[in-house]
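The structure appears below as structure tokens.
Residues take their numbers from the sequence shown, with the count starting at 1. Here the structure is a predicted model, which is why all the values come from computation and not from measurement.
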Amino acid sequence: MEKLKEKFKRKLAENNYKLTKQREIILDTILEKENWHFTAEDLFAAARKKDTDIGMATIYRTLELMQNLDIVHVLDFNDDSRKYEIYLEEAHHHHLICKGCGKLIEFSDQDIDYFESELEEKYDFEITEHKLRFYGYCNECKESN
């Protein structure tokens with residue numbers, strides 16, 4: 001957590017931004033929860049528990065700044081809500097998405113990385129990114145149907 005906080009501070013300074021009290025509270029709130037996939041509203045509710053003066057506009061502005069500085073990424077699952085997650089360059093992962101409750105499960109798989117390398121070689125193509133998502137039903141939703 002401290003490593004990510006230092007990275008954020010460094011990126012702010014490099015881009016002539018200050019680490020305000022509210023930005024620090026927002027960052028700490030995000031970093032407290034491991035593998036948290038959150039909406040702006042989720043972050044607002046959690047941050048307000050620490051500082052009732054934080055407004056929704058501050059959340060949106062800070063998320064936009066964090067996105068521009070590659071601290072968080074927007075997850076686009078083609079639904080009506082934007083979800084965010086902390087961006088870890090060294091931890092590429094994929095998602096399982098429950099169509100019943102919306103639960104997100106992260107996973108990594110070396111076979112997928114191997115497949116990517118095979119594609120690059122076979123088609124003489126440099127892959128710069130990929131997003132893999134599987135949709136289905138989590139155990140709880142399967143059992144309730």
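Between K9 and E24 there is no salt bridge, since no side-chain nitrogen of the basic residue lies less than 4.0 Å from a carboxylate oxygen of the acidic one.
Within a 6.0 Å radius of NZ in K21, no more than 12 heavy atoms belonging to other residues, nucleotides or ligands are found. Heavy-atom neighbours of E41 CD from other residues, nucleotides or ligands within 6.0 Å: above the threshold of 12.
For T29 (side chain) and I25 (main-chain N/O), a donor-acceptor pair under 3.5 Å exists by modelled atom type. Listed for the K83 side chain is no donor-acceptor partner under 3.5 Å among the backbone atoms of F38. Listed for the T62 side chain is no donor-acceptor partner under 3.5 Å among the backbone atoms of I59. Of the possible donor and acceptor atoms, none in the side chain of E120 sits under 3.5 Å from a partner among the backbone N and O of E126. A side-chain donor-acceptor contact under 3.5 Å links D51 to the backbone of D53.
You'll find the side chain of L43 reaches within 4.5 Å of the side chain of W36, heavy atoms only. Taking the side chain as every heavy atom from C-beta outward, Y17 and K11 never approach each other to under 4.5 Å. Residues L96 and L104 are not in side-chain contact: their nearest non-hydrogen atoms beyond the backbone lie 4.5 Å or more apart. Side-chain contact between I30 and Y84: absent, with no pair of heavy atoms (C-beta onward) separated by less than 4.5 Å.
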Could you go step by step and tell me if I26 and T58 meet the side chain to side chain contact (heavy atoms under 4.5 Å, CB included) rule?
CA-CA 9 Å; I26 290 167; T58 301; 4.1 Å; yes
Output, in order, the C-alpha distance, side-chain angles, deciding distance and verdict of side chain to side chain contact (heavy atoms under 4.5 Å, CB included) for H37 and D42.
CA-CA 9 Å; H37 300 93; D42 295 335; over 6 Å; no
Please test K5 against D28 for salt bridge (Lys or Arg N to Asp or Glu O under 4.0 Å), starting from the C-alpha separation and ending with a verdict.
CA-CA 8 Å; K5 194 169 183 177; D28 287 344; 3.0 Å; yes
Can you check side chain to side chain contact (heavy atoms under 4.5 Å, CB included) on L31 and F8, steps first, answer last?
CA-CA 11 Å; L31 294 175; F8 182 59; over 6 Å; no
Derivation of the salt bridge (Lys or Arg N to Asp or Glu O under 4.0 Å) call for R10 and E6:
CA-CA 6 Å; R10 187 183 73 251; E6 290 305 314; over 6 Å; no
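A donor and an acceptor atom, one from each side chain of H73 and E85, are nowhere located under 3.5 Å apart. Side chains of Y114 and E118: a donor-acceptor N/O pair is present below 3.5 angstrom, by distance only.
In terms of hydrophobic clustering, with Ile, Leu, Val, Met, Phe, Trp and Tyr side chains grouped at heavy-atom distances under 4.5 Å, I97 and Y137 are assigned to different clusters. The same ILVMFWY cluster, assembled from side-chain heavy atoms under 4.5 Å apart, contains both M56 and L63. Cluster annotation: F134 is connected to I105 through the hydrophobic network of ILVMFWY side chains, with a link wherever side-chain heavy atoms come within less than 4.5 Å.
A distance of 13.5 Å separates CG in L27 from CD in Q22, rounded to the nearest 0.5 Å. For the atom pair NZ of K49 and CZ of F44, the computed distance is 12.0 Å after rounding to the nearest 0.5 Å. With rounding to the nearest 0.5 angstrom, the CZ atom of R23 is 12.0 Å from the CD1 atom of I54. Rounding to the nearest 0.5 Å places SG of C141 at 8.5 Å from NZ of K103. Taking NZ of K122 as the start and OG of S117 as the end, the distance is 14.5 Å to the nearest 0.5 Å.
Nearest heavy atoms, L12 versus L65: CD2-CD2, 3.7 Å.
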